[in-house]
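Before I ask anything, here is the structure I am working with.
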There are 2 protein chains.
Amino acid sequence: MDVARLAGVSQKTVSRVLNDEPYVSADLRRRVLGAAQDLGYRRNQAARALASGRTRSIGVVTLGTALYGPTSLLVGIERVVREAGYTLRVAATVEGDPGGIAGALASLLDQGVDGVVISEPIDEGAGLISVDVPVLVLGAPPNFAAPRVVTARVGADVHARAATEHLLELGHATVHHLAGPQRWYSARDRLAGWRQALRAHGADEPPVVEGDWSAASGYAAGRELAGDDTVTAVFAANDDMAIGLIRAQLEAGRRVPEDISVVGFDDIPLAAYVTPPLTTLRQPLDGLARQGLALLIHVIENPEAEVAPAADQPVELLVRASTAPPPPRPTSGRDRRAILHPPRGPHGRP
Amino acid sequence: MDVARLAGVSQKTVSRVLNDEPYVSADLRRRVLGAAQDLGYRRNQAARALASGRTRSIGVVTLGTALYGPTSLLVGIERVVREAGYTLRVAATVEGDPGGIAGALASLLDQGVDGVVISEPIDEGAGLISVDVPVLVLGAPPNFAAPRVVTARVGADVHARAATEHLLELGHATVHHLAGPQRWYSARDRLAGWRQALRAHGADEPPVVEGDWSAASGYAAGRELAGDDTVTAVFAANDDMAIGLIRAQLEAGRRVPEDISVVGFDDIPLAAYVTPPLTTLRQPLDGLARQGLALLIHVIENPEAEVAPAADQPVELLVRASTAPPPPRPTSGRDRRAILHPPRGPHGRP
DNA sequence: CTGAAAGCGCTAACAG
DNA sequence: CTGTTAGCGCTTTCAG
């Protein structure tokens, strides 16, 4: 090693200095650092990994879409990983690709990551390959075969329940739910929370409409629902669908929130600026990433330590202008499909 | 190596089989594959990298935000990288962190990536470290010291020009521009295109308002502009700002598009579902990623080959409901700030 | 506190 | 077609 020669020490001393190991005299340390600097020396990570069995890298399995939730998580994960001195490797899965998670995981493991985080997995039915490094699962039930699995979740069911209750407390007889794809654990959680709220209040449970998270699917659902004016309140499983749904309502001549209230989920940055500004739930995605990774890194670096599971993240309901009490005189239940709404002109908001 | 022993061959033969090298008998190949299978053998990538000097990984320097452009590109990049049989390493930069790109690049290079893509860099003023692997720069002028730099861009100036011309052709006397942060090359491109269009049509060039890509900044700009009703058309540098701006206009009692037309940029999935549906430009981000990476991988695998620069991606203007001809009787230029708009009630859309 | 020797698990080069 | 011999550049023993 040239650095060692230039500094007139052994290779091992260089290694010690660069790894901040103790038992090196200040003088040697200075000399080595100087030599390394002069030579523009950088350690070869592949060699380090081979010799030490560690890569100081963390792999993340995420979904290959630009959806708000997964991408926000990814951004948060990257930041925390970097701050902790690790590097990030990414393997995305494609929806509908069976065994996608297992494949992505295998690829990451091949690369020798020290730990992996599985972000918002969807239920693939299949069992997962066993993993010999610590795993962090973000937003799903812990059902992975790994020596050390830690999980962190937002407790979406609690949130969904709060959203639904907000609507119920406004006086709506019941609340419809525009659900996310049920292969997603987060979509199931939200559905469950909605159902809990309805039961707790003794409200009817209307049939669930399922979307695919997109505004387009929300729009389609909105057209379906627009014909039925007993629908006075909808809890959508994410903001995009909520916005699509609102759009469909407006086009059908129903006003939001006067005729129908809508609550979203996520608090995307746009939520406060659409018309009407959307009442929604903020997901503490950043806290989730931060908290989960702190746990994961702790387990990586202290293989023997016991870890307490992460606490659920807090709920935050943002009441804006898309929710209001139900319209005074709900149409009688029967023949409702026959009632034609004259276009009342544009949707209003003072 | 156990696999070699089990199959009764040399280590090198195993290596050959696993690397799909020629000159191995079908029989041996079968035997080796079988043994590897039985043992659940996986190659150690660190050792491969050390011995071969290649990692079959590509690094990407991206911005650590959840903005639509950067994240969509990242998703596209990941997919193409995976399809090409490479793995992905990510290093994000933080806005405002000087030398962020250089640092991220250094981290990636340390990891021994075979190539790197710099996605939507911002101008950091500082020079960039020199790089000894092929580099793909997405969306910026090529000014990097690297043996092989390839670039691909969307030609945002052409797009911006088209957006501005759309407004001009609708009859607007001029078009205001709500720009993105000028440290971003893409923001500069859009500004340049807007300016070109104005000049070509001999229109006045109003002062530029600069936002930070967020809907909140668009809203702030919208409030500023709302007092001036000579402003009949605005080209916003992205959809989020356009939506924030529209919101501010509506709150000020100005109708979109009757009183003021707005064009966005990006065609985020929500653009067609906000109120009014946003006229915008679709960025062929996916094509960009695909095209750029094809080039990069070609250069990685054929170090000697000459490459033609990627062709600019095509323009696609999506005319929806946020643009219309200007209002019939524009208020005279003077005293315009004194004119109070009685709240005309809600913004309309038939 | 410091150094010498011995690999980590693979692939490159050269023989057979 | 197949095997042998050396390393890749570090970190880990284990002695000084």
Side-chain angles (χ1 to χ4, degrees), chain A residues 1-36 39-57 85 87 106-107 109-114 132-133 300-301 303, chain B residues 1-36 39-57 85 87 106-107 109-114 132-133 300-301 303:
Chain A
M1 189 191 277
D2 292 341
V3 175
R5 228 190 356 258
L6 210 181
V9 298
S10 77
Q11 208 181 103
K12 177 60 217 181
T13 300
V14 174
S15 173
R16 271 199 265 263
V17 170
L18 265 20
N19 288 319
D20 272 327
E21 282 170 30
Y23 307 129
V24 187
S25 69
D27 175 50
L28 276 191
R29 171 157 277 142
R30 221 180 348 263
R31 237 160 66 206
V32 170
L33 255 19
L39 265 38
Y41 170 74
R42 331 210 56 155
R43 280 179 291 188
N44 179 318
Q45 300 298 330
R48 295 187 74 191
L50 179 56
S52 69
R54 297 198 44 200
T55 54
R56 288 201 70 83
S57 73
T87 62
S107 155
L109 262 14
D110 274 3
Q111 296 177 57
V113 294
D114 292 344
D132 53 1
V133 298
I300 290 173
E301 298 180 346
Chain B
M1 191 193 276
D2 292 341
V3 175
R5 225 187 3 253
L6 211 181
V9 299
S10 77
Q11 209 181 102
K12 178 62 214 181
T13 299
V14 174
S15 171
R16 272 200 263 265
V17 170
L18 264 21
N19 288 320
D20 272 328
E21 282 170 31
Y23 308 129
V24 186
S25 70
D27 175 47
L28 275 193
R29 172 158 274 140
R30 221 180 347 264
R31 237 162 63 207
V32 170
L33 257 19
L39 265 38
Y41 171 74
R42 333 209 59 156
R43 280 181 292 188
N44 179 319
Q45 300 296 332
R48 296 187 73 192
L50 180 56
S52 69
R54 298 198 44 198
T55 54
R56 287 200 72 82
S57 72
T87 60
S107 154
L109 260 15
D110 274 3
Q111 296 177 57
V113 294
D114 292 346
D132 54 359
V133 298
I300 291 173
E301 297 180 347

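Just so it is clear: chains get the letters A, B, ... in the order the sequence lines come, proteins before strands, and each one is counted from 1. No hydrogens, no waters, no symmetry mates; every other heavy atom, side chains included, goes into these values.
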Fill in: R56(A) CZ to E301(A) CD distance, which is reported to the nearest 0.5 Å
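Result: 5.5 Å between the selected atoms.
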Worksheet entry | Base dG3(C) paired with R16(A) side chain (donor-acceptor, <3.5 Å) |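 Between dG3(C) and R16(A), which were checked side chain against base, a qualifying N/O pair under 3.5 Å is present.
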Worksheet item: Would you say D114(A)'s side chain and R54(A)'s backbone share a donor-acceptor pair under 3.5 angstrom?
Response: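 Looks like no, no N/O pair under 3.5 Å.
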Worksheet item: So, the side chain of T55(A) versus the backbone of A49(A): is there a donor-acceptor pair under 3.5 Å, distance only?
Response: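 No; judged by distance alone, with no hydrogens or angles, the pair does not exist.
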Practice prompt. Rounded to the nearest 0.5 Å, what's the gap from CG on D110(B) to CZ on R42(A)? Could you check?
Written response: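 One gets 4.0 Å once the value is rounded to the nearest 0.5 Å.
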Item to complete: Between A51(B) and L18(A), name the one whose nearest nucleotide on DNA chain D is closer to the 5' end.
Response: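 Looking at the nearest nucleotide for each, A51(B) comes out on the 5' side.
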Discussion item. Output the rounded distance in Å from CZ (R56(B)) to C1' (dC10(C)).
Written reply: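 Value for this atom pair: 16 Å.
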Discussion item. Please give me every residue in residues 43-50 of chain A whose heavy atoms get under 4.0 Å of an atom in DNA chain C, ordered by residue number.
Written reply: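 Heavy-atom contacts with DNA chain C come from L50(A).
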Worksheet item: Could you walk me through whether L18(A) and L33(A) pass the side chain to side chain contact (heavy atoms under 4.5 Å, CB included) check?
Response: CA-CA 8 Å; L18(A) 265 20; L33(A) 255 19; 4.0 Å; yes
